[in-house]
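All values below come from the heavy atoms of this structure, side chains included, with hydrogens, waters and symmetry mates left out. Both ligands and their constituent atoms are indexed starting at 1 by order of listing. In this chain, numbering begins with 1 at the start of the sequence shown.
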Amino acid sequence: MRTGTPWIRILDFLVVNLSTIYMINYYMELQMDQVKMRYESAQDTYDFVIVGAGSAGCVLANKLSEKHTVLLLEAGGDHHQPLINAPVLFFNNQNRFPHDWQYKTVPQVNSSFAFKNNVTLWPAGKGLGGSGLINGMIYIRGSVQGFDDVAERTSNPIWTMRNAQKHYKQLEDYHGHFDQKNHGVGGGMTIEKGDIRPVIDHVMKAGEEMGYKVRDPNLDGPITEGFAPMDFHMKNGYRWDSYKAYIEPILDRETLTVRKFAFVNKVLFTGENNKAVGIEYERHGQTKIAKATKEVILSAGAIQSPRILMHSGVGPKSHLEEFGIKPILDLPVGENLQDKYGAFVGPFFVDEGKSFLMERELTMARMVEFGIFGTSPYASTRLEGTYTFRSSKAKTEGYKYPDIFTYIMVHSTDSEYERDMEIAANTKKEILRGYYKMWAGNDSFFQLVTLPKPYSKGFLKLRDADPKSPPVLDPKYLSHQRDVDLLVEGIKFAVKLVEETKSFKEIHGKMLPVSFPGCEKLPFKSDAYWECVARHTTATAYKYCATVPMGKDTNDPTAVVDSFLRVFGTKGLRVVDGSVFQEKEVSVNQCTCQMLGSVASEFILDYWDNQASGLDNSLDDEK
Ligand SMILES: Cc1cc2nc3c(=O)[nH]c(=O)nc-3n(C[C@H](O)[C@H](O)[C@H](O)COP(=O)(O)OP(=O)(O)OC[C@H]3O[C@@H](n4cnc5c(N)ncnc54)[C@H](O)[C@@H]3O)c2cc1C
């Protein structure tokens, strides 16, 4: 138990018992939903059936239900409650039932050595709001210039950066750190500042000393190198996701039906042209069918959308046959899995009071302040700043855009760090005890150095014939030498930032000369040492994607959907979620998935409007 004031002990009790609290909530909600199901309309035919009420699916359901009937199905429940909505518990909420799918990678060969069995945990939100329920809430558009590459590659101008920026701005209600003129105001997604620790000021000043500007990371143009305090997807200090913004306000719309606890098994096809006519799903122990007269749209995220396709017979033929699934279409579903990932570096020690120490920050008075005003350290996810720059490789190659992206995580190790890191990150006990815990209670922070343009890629496969089984996930982290080189460069920059700038000297910024367990034999701070650290502390930045990639046509050996997100070889079936993008091109962030929902709704509505008016339709769906 934490020592300190009685309030901290109460808070600690709540955190320790999070799982139990969630279970109680969950079973109460489940019972109520079962009762509700008895009174639900028997209607099972809609214009559109959308699978997944996540970042993309909610935006899409909102826009399509303005003109058409829509059934929105979600496997999880409504988990919006104070312990989920308070930003400060972002990290503690991960890898918990029932709001997290709790995926994990297979043991990694080249990385993740600090984690039990070399396995990295892959949290993913399950419930209304999708991954927005458990994510870090950072508002960042990321590599938007990559959209021009997507537009060129697919010969479709809807994917230009300019069009993407238009949609990002339409969705925004911006009240962050920077000038509103580069942003949208009045959209559904409220963006706020959050609570920022003093160390972030030092990071910004240190960045300036190293020649970088503090600038808005979401300028109305290409992302540039620079440093920034973070803005968040928050409203009045609380978590704000797609469900809250786009579905809750329209729950009484007659054209929209939302069903939670509805797990979709597969898509149902008919005829020679593989027309998607509906889906099969399970709800409270019953197997049901919902029919779509216009389209079935999968927005189940980068892990479940490919899983649903494969269980429906769409995927690599021989892989489907392994599990006795009759192949309908032989497409490379799951064969190009990508993730934004990197290495967790620290602790970097600083003077007392500069970083985030749970016992000190989370007082009762500040809890009351948070409850009334939505301010105080309770409104911090503890991920409070970022910076991005071009690697030396990028500069030599004349590559214009940043390829190293670092998050500043302001939390110090505290007495309960061991427990939290074990649950949320699967870190080996001996490393938690032997390395991190020895510094508990001292002000410090960490840097998560990541690769916004990863070269390593892996695969997603079915585990077996059961739709409920979690897919096999192998991102093959650090299998590409370029990723290793960039991470080493990024880590050296991170250390220099703290140890060689005036700004950090003022607050005695330093890393203690204690080698990371497993890397002791290498000269401390040598390139080989940093590579070893990267291979140990390999961490996901949670942007799983490219499992149902978008391409121009089937001559692209990686493509599963066309540039209007229609699954090749089918009619009436699209995939609209993070699985269609490649992290190598664009950042598959929450706002990117929301933007995707918005762009897709525009061309889907246009398609069906044209049909109704009998006009020629430019979007040929006879693929
Ligand atoms: C821990 C974590 C931290 C992150 N931090 C940030 C951050 O700080 N900033 C940021 O911009 N991005 C962040 N992200 C990434 C961002 O949240 C995702 O990229 C984005 O939400 C993905 O949107 P999506 O629509 O593709 O899928 P999701 O939002 O994941 O939605 C998919 C939905 O489909 C449902 N579903 C899945 N399978 C089925 C099925 N078979 N039947 C019915 N429903 C189903 C799921 O339960 C879920 O609700 C983070 C992600 C995670 C997991």
Note every protein N or O atom lying under 3.5 Å from an N or O atom of ligand 1, pairing the names and giving the distance.
unit_1: ligand 1; atom_1: 5 (N); unit_2: G136; atom_2: N; d: 2.9
unit_1: ligand 1; atom_1: 8 (O); unit_2: G136; atom_2: N; d: 3.3
unit_1: ligand 1; atom_1: 8 (O); unit_2: M137; atom_2: N; d: 3.1
unit_1: ligand 1; atom_1: 8 (O); unit_2: I138; atom_2: N; d: 2.9
unit_1: ligand 1; atom_1: 9 (N); unit_2: I138; atom_2: O; d: 3.0
unit_1: ligand 1; atom_1: 11 (O); unit_2: I138; atom_2: O; d: 3.3
unit_1: ligand 1; atom_1: 11 (O); unit_2: Q590; atom_2: N; d: 2.8
unit_1: ligand 1; atom_1: 12 (N); unit_2: Q590; atom_2: N; d: 3.3
unit_1: ligand 1; atom_1: 17 (O); unit_2: N135; atom_2: ND2; d: 3.0
unit_1: ligand 1; atom_1: 19 (O); unit_2: V588; atom_2: O; d: 2.9
unit_1: ligand 1; atom_1: 21 (O); unit_2: S55; atom_2: OG; d: 2.7
unit_1: ligand 1; atom_1: 25 (O); unit_2: S55; atom_2: N; d: 3.4
unit_1: ligand 1; atom_1: 25 (O); unit_2: A56; atom_2: N; d: 3.0
unit_1: ligand 1; atom_1: 26 (O); unit_2: G578; atom_2: N; d: 2.9
unit_1: ligand 1; atom_1: 29 (O); unit_2: S55; atom_2: N; d: 3.1
unit_1: ligand 1; atom_1: 29 (O); unit_2: S55; atom_2: OG; d: 3.4
unit_1: ligand 1; atom_1: 29 (O); unit_2: S131; atom_2: N; d: 3.0
unit_1: ligand 1; atom_1: 30 (O); unit_2: S131; atom_2: N; d: 3.4
unit_1: ligand 1; atom_1: 30 (O); unit_2: S131; atom_2: OG; d: 2.8
unit_1: ligand 1; atom_1: 41 (N); unit_2: V264; atom_2: O; d: 3.1
unit_1: ligand 1; atom_1: 41 (N); unit_2: Q304; atom_2: OE1; d: 3.3
unit_1: ligand 1; atom_1: 42 (N); unit_2: V264; atom_2: N; d: 2.9
unit_1: ligand 1; atom_1: 44 (N); unit_2: A75; atom_2: N; d: 3.1
unit_1: ligand 1; atom_1: 47 (O); unit_2: E74; atom_2: OE2; d: 2.6
unit_1: ligand 1; atom_1: 47 (O); unit_2: W101; atom_2: NE1; d: 3.1
unit_1: ligand 1; atom_1: 49 (O); unit_2: E74; atom_2: OE1; d: 2.6
unit_1: ligand 1; atom_1: 49 (O); unit_2: E74; atom_2: OE2; d: 3.3
unit_1: ligand 1; atom_1: 49 (O); unit_2: G127; atom_2: O; d: 3.1

| task | Could you tell me whether K235 sits above the aromatic face of Y238, with NZ or CZ closer than 6.0 angstrom to the six-membered ring centre and within 45 degrees of the axis? | result | no
Check: So is K340 actually on top of F405's ring, under 6.0 Å and inside 45° of the axis?
Finding: yes
Quiz item: Angle class for the F446/F344 ring planes (parallel below 30°, perpendicular above 60°, tilted otherwise)?
Solution: parallel
* **K169 backbone acceptor or donor facing H183 side chain under 3.5 Å** => no
TODO: Can you establish whether the number of heavy atoms outside K116 located under 6.0 Å from its atom NZ is more than 12?
DONE: yes
Residues passing the side chain to side chain contact (heavy atoms under 4.5 Å, CB included) test with P222, sequence neighbours excluded, are Q145, M161, Y401
